Amino acid sequence: MKLVFATNNAHKLEEVAAMLPEGYELLSLKDIRCDVDIPETADSLQGNALQKARYVKEHFGLDCFADDTGLEVEALNGEPGIYSARYAGPGHDSKANMAKLLLKMQGKTNRNAQFRTVIALLLGSDTYLFEGIVKGTLLEEARGTAGFGYDPIFVPEGYTQTFAEMGDEKNEISHRARAVKKLMIFLQNK
């Protein structure tokens, strides 16, 4: 079965492709020659995921799914949330985003946070949503070199390593992995 994953993020594509069972072919936006930076102007993760999936469906007529992920920090009332990728401004600069977050967290004792992913699947004329959440805490400084985004400062509940120190283990327990597993179970039972 061919499915388009509506993303230009090579890290996400690699992470999701590694989780797909045999029998699925994952196409990227590049594979379908979609070179548009699809807008994410909704006010929720769900809205942004739907917006991206609908763009592909409307312009290319292909079954697809899209995700949006945010890091939600308790002490910052859910920030950076939907702005996670552009927290420090346009350009998807992970180091700048992390630096801004760490600066805003200085002096805060509540370090609780969660990564949340919402996947919107458009299959035929139907729409389905899947969510994955990983709760954890934020460190005061980065550790590890694997992963991307806020991975070097996020320690998931029940672990002592950051996502960036885990390597492949992250793919099994991450918020995206949890949402993708729900998506895969759904597709296998469809």
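In what follows, every heavy atom counts, from backbone to side chain, and hydrogens, waters and symmetry copies are set aside. Here the structure is a predicted model, which is why all the values come from computation and not from measurement.
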Do Phe148 and Leu13 sit in the same hydrophobic cluster, where Ile, Leu, Val, Met, Phe, Trp and Tyr count as joined when their side-chain heavy atoms come under 4.5 Å apart?
no
Please determine whether the number of non-hydrogen atoms from other residues, nucleotides or ligands lying under 6.0 Å from atom CZ of Phe186 exceeds 12.
yes
Taking the side chain as everything from C-beta on, heavy atoms only, tell me whether Ile119 gets closer than 4.5 Å to Val180.
yes
Just do the side chain to side chain contact (heavy atoms under 4.5 Å, CB included) check on Glu40 and Arg86 with the steps written out, would you?
CA-CA 11 Å; Glu40 296 177 52; Arg86 297 175 182 86; 4.2 Å; yes
Around atom CG of Asp126, are there more than 12 heavy atoms of other residues, nucleotides or ligands at under 6.0 Å?
yes
Tell me whether the guanidinium CZ or amine NZ of Lys182 lies under 6.0 angstrom from the six-membered ring centre of Phe130 and within 45° of its axis.
no
Run Ile82 and Leu45 through side chain to side chain contact (heavy atoms under 4.5 Å, CB included) and show every step you take.
CA-CA 6 Å; Ile82 61 169; Leu45 297 175; 3.8 Å; yes
Would Thr127 and Leu121 satisfy side chain to side chain contact (heavy atoms under 4.5 Å, CB included), going step by step from the backbone distance to the final call?
CA-CA 6 Å; Thr127 301; Leu121 169 67; over 6 Å; no
dist Ile153:CD1 -> Leu102:CG (nearest 0.5 Å) comes out at 4.5 Å
Looking just at side-chain N and O atoms, do Ser28 and Asp31 make a donor-acceptor pair shorter than 3.5 Å?
yes
Residues Pro80 and Tyr150: closest non-hydrogen pair is CG-OH, 3.7 Å
Check: Asp68 main-chain N/O paired with Asn48 side-chain donor or acceptor under 3.5 Å
no
Around Lys30, counting heavy atoms of other residues, nucleotides and ligands shown, do more than 12 lie under 6.0 Å from its NZ?
no
Inter-residue atom distance Met98.CE - Leu139.CG, 0.5 Å rounding:
10.5 Å
Do Leu3 and Tyr128 sit in the same hydrophobic cluster, where Ile, Leu, Val, Met, Phe, Trp and Tyr count as joined when their side-chain heavy atoms come under 4.5 Å apart?
yes
Between Glu165 and Thr162 (side chain of the first, backbone of the second, donor and acceptor by atom type, cut-off under 3.5 Å), is there such a pair?
yes
Ring-plane angle category for Tyr55 and Phe60, please: parallel below 30°, perpendicular beyond 60°, tilted otherwise.
tilted
Please report the closest heavy-atom contact between Ala85 and Asn97, naming both atoms and the distance.
O-ND2, 2.9 Å
Heavy-atom closest pair (Leu138 atom, Phe154 atom, distance to 0.1 Å) is CD2-CD1, 4.2 Å
Taking atom NZ of Lys2 and atom CG of Leu27, what is their separation to the nearest 0.5 Å?
6.0 Å
What one should report as the nearest heavy-atom pair of Tyr159 and Ile173 is OH-CG2, 3.5 Å
Atom pair CG/SG of Leu29 and Cys64 - distance to nearest 0.5 Å
8.5 Å
Linked, directly or transitively: Phe5 and Leu187 (ILVMFWY side chains, under 4.5 Å)
yes
Co-membership, hydrophobic cluster, residues Val36 and Val56, 4.5 Å side-chain
yes
Separation between OH of Tyr83 and CG of Leu71, rounded to the nearest 0.5 Å
15.0 Å
Val118 backbone acceptor or donor facing Asp67 side chain under 3.5 Å:
no
Could you please spell out the steps behind the side chain to side chain contact (heavy atoms under 4.5 Å, CB included) verdict for Leu76 and Leu101?
CA-CA 9 Å; Leu76 301 178; Leu101 179 60; 3.5 Å; yes
Taking only residues at least two apart or on different chains, which pairs with a member in residues 89-116 satisfy salt bridge (charged side-chain N to carboxylate O under 4.0 Å, His left out)?
Glu72-Arg116, Glu79-Lys104, Arg116-Glu131
Below 4.0 angstrom, N of the basic side chain to O of the carboxylate: do Lys135 and Glu157 qualify?
no
Among side-chain atoms of Arg178 and Thr117, is any donor-acceptor pair under 3.5 angstrom?
no
Exercise: identify the closest heavy-atom pair between Gln51 and Ile38
O-CG2, 4.4 Å
For a quick test of reading the model, state the closest non-hydrogen atom pair linking Gly81 to Ser84 and the distance between them.
O-OG, 2.6 Å
Could you state the interatomic distance from NE2 (His175) to OG1 (Thr69), rounded to the nearest 0.5 Å?
4.5 Å
Report yes if some heavy atom in the side chain of Met166 is under 4.5 Å from a heavy atom in the side chain of Pro156; otherwise report no.
yes
Consider only side-chain heavy atoms of I, L, V, M, F, W and Y, link residues closer than 4.5 Å, and tell whether Leu62 and Phe65 are in one cluster.
no
